[in-house]
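Counting starts at 1 for both ligands and their atoms, following the listed order.
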Amino acid sequence: MVDKLERVDLVPPDKLKGLLGSYYPPPEPVPHFINQKLEEIYPVNRVHLIVNPFAGQKKGKHLASLLASDLDQSRIKSVIHFTEYVNHAEELVSKLEFVEGDALMSVGGDGTISEIITGLLKRNDSFSNSIPLSIVPAGSGNSQANDMQITDYLDALQRLTTGKLRKMDIGKVTFFKDGKEQVRYTHNLVGWGLGVDANILAEKMRFLGPMRYDIGSLMSIIRGKVRKAKCYVDGNLIDSSFILLLIQNTKTGGDRLTLAPMAHVDDGKMDLGVIYHISRFQVLKLFNQLKASGSHVWNPNVEYYRFKNLIIETDDPTAINVDGENLGTTPLEINVLPSALKVFH
Ligand SMILES: [Mg+2]
């Protein structure tokens with residue numbers, strides 16, 4: 001089915017003067033949730049904490065005991081589940097025996113949330129859309145928590161005990177791994193192109209700490225790989241050579257990069273930034289604008305769209321990244337599921 005291609009035409013603001021010439025300021029911040037209406041108040045009786053003890057600063061175990069004792073003081077029961085291997089959170093959540101009044105709590109990063117919602121939505125039962133998620137930032141990438149302005153575990157706890165819920169869009173991502181079709185649900189972003197190259201390189205340089213992301217990006221820019229692909233945006237074909245596609249549910253990704261400064265998590269669509277084949281110098285300039293809180297959106301080499309369905313086809317399988325994890329390859333399809341997840345906000 002072909003829907004009208006929704007291109008977002010942006011009018012740049014006046015340039016500001018700086019030491020090295022004039023430049024565009026970053027876009028004005030937009031709300032994470034566009035729909036400010038409160039969905040419901042949810043009284044929580046019991047929380048399943050899904051704790052990734054390896055994430056981020058490896059404080060998961062410590063946080064879990066603090067959370068359990070604070071929940072106990074609020075007369076809320078808690079059950080702690082530690083994840084032990086990749087996809088364990090998905091497996092745990094798919095088998096939990098929920099009752100009304102239950103909630104999930106993610107203690108980890110964006111990847112942990114991604115596994116939890118995948119387990120929840122793959123159940124395909126009445127709990128898939130009714131069990132709300134509390135988000136405790138404890139990973140190396142906490143884009144969702146940052147965009148929701150959840151500062152720490154105490155903030156997350158307060159939101160849970162207050163019980164105010166909002167609904168968030170989720171993307172159903174179909175891709176391939178070892179020749180087999182896989183499904184994963186995304187709350188944050190899907191990467192294809194230079195961003196994935198940079199992430200794969202960065203993962204090999206973990207010893208460098210957070211600067212590995214910048215170095216990975218610079219190395220990928222210097223390599224300057226360009227990929228041909230057929231990209232269908234709501235059925236509309238863009239057949240071209242690309243440096244990068246930024247596919248975003250939330251505004252930020254990676255190491256606090258504002259990749260899609262105009263994205264809302266509840267507008268029923270995901271945002272797409274398209275960067276065609278441009279020179280290494282232009283990519284470098286773009287990367288600097290990206291680091292400057294998202295002023296890359298004013299760059300004439302970036303096209304900006306919103307979509308409900310996105311398909312990427314390539315001649316050879318190319319790597320994709322979902323919510324910070326390098327999971328598989330193209331062909332890729334994303335379907336936006338509006339309001340598919342309830343979160344404490
Ligand atoms: Mg959106």
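- Between the Arg46 side chain and the Phe98 main chain, no donor and acceptor come within less than 3.5 Å of each other.
- Each side chain to side chain donor-acceptor pair (under 3.5 Å) pair with one or both residues in residues 264-279, not counting sequence neighbours, appears once here: Glu6-Lys269, Asp271-Tyr304, Asp271-Arg306, Tyr276-Glu303, Ser279-Gln282.
- Under 4.0 Å is where a charged nitrogen must lie from a carboxylate oxygen, and between Lys342 and Glu40 at least one such pair does.
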Expected list for residues 71-86: side-chain donor-acceptor pairs under 3.5 angstrom, two or more places apart:
{"residue": "Ser74", "atom": "OG", "partner": "Asp70", "partner atom": "O", "Å": "3.2"}
{"residue": "His81", "atom": "NE2", "partner": "His48", "partner atom": "ND1", "Å": "2.9"}
{"residue": "Thr83", "atom": "OG1", "partner": "Val51", "partner atom": "O", "Å": "3.4"}
{"residue": "Tyr85", "atom": "OH", "partner": "Glu91", "partner atom": "OE1", "Å": "3.4"}
{"residue": "Tyr85", "atom": "OH", "partner": "Glu91", "partner atom": "OE2", "Å": "2.9"}

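- Side chains of Asn199 and Asn326: a donor-acceptor N/O pair is present below 3.5 angstrom, by distance only.
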Distance-only donor-acceptor hits, side chain of residues 137-150, under 3.5 Å, sequence neighbours excluded:
{"residue": "Asn142", "atom": "OD1", "partner": "Ala138", "partner atom": "N", "Å": "3.4"}
{"residue": "Asn142", "atom": "OD1", "partner": "Gly139", "partner atom": "N", "Å": "2.9"}
{"residue": "Asn142", "atom": "ND2", "partner": "Gly139", "partner atom": "O", "Å": "3.0"}
{"residue": "Ser143", "atom": "OG", "partner": "Asp110", "partner atom": "OD2", "Å": "3.1"}
{"residue": "Gln144", "atom": "OE1", "partner": "His32", "partner atom": "NE2", "Å": "2.9"}
{"residue": "Gln144", "atom": "NE2", "partner": "His187", "partner atom": "O", "Å": "3.1"}
{"residue": "Gln144", "atom": "NE2", "partner": "His187", "partner atom": "ND1", "Å": "3.0"}
{"residue": "Asn146", "atom": "ND2", "partner": "Asn142", "partner atom": "O", "Å": "3.2"}
{"residue": "Asp147", "atom": "OD1", "partner": "Thr252", "partner atom": "OG1", "Å": "2.9"}
{"residue": "Asp147", "atom": "OD2", "partner": "Lys251", "partner atom": "N", "Å": "2.9"}
{"residue": "Asp147", "atom": "OD2", "partner": "Thr252", "partner atom": "N", "Å": "3.0"}
{"residue": "Asp147", "atom": "OD2", "partner": "Thr252", "partner atom": "OG1", "Å": "3.4"}

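- Among protein atoms, those of element N, O or S found less than 2.8 Å away from the Mg ion (ligand 1) are His264 O, Asp267 OD1, Lys269 O.
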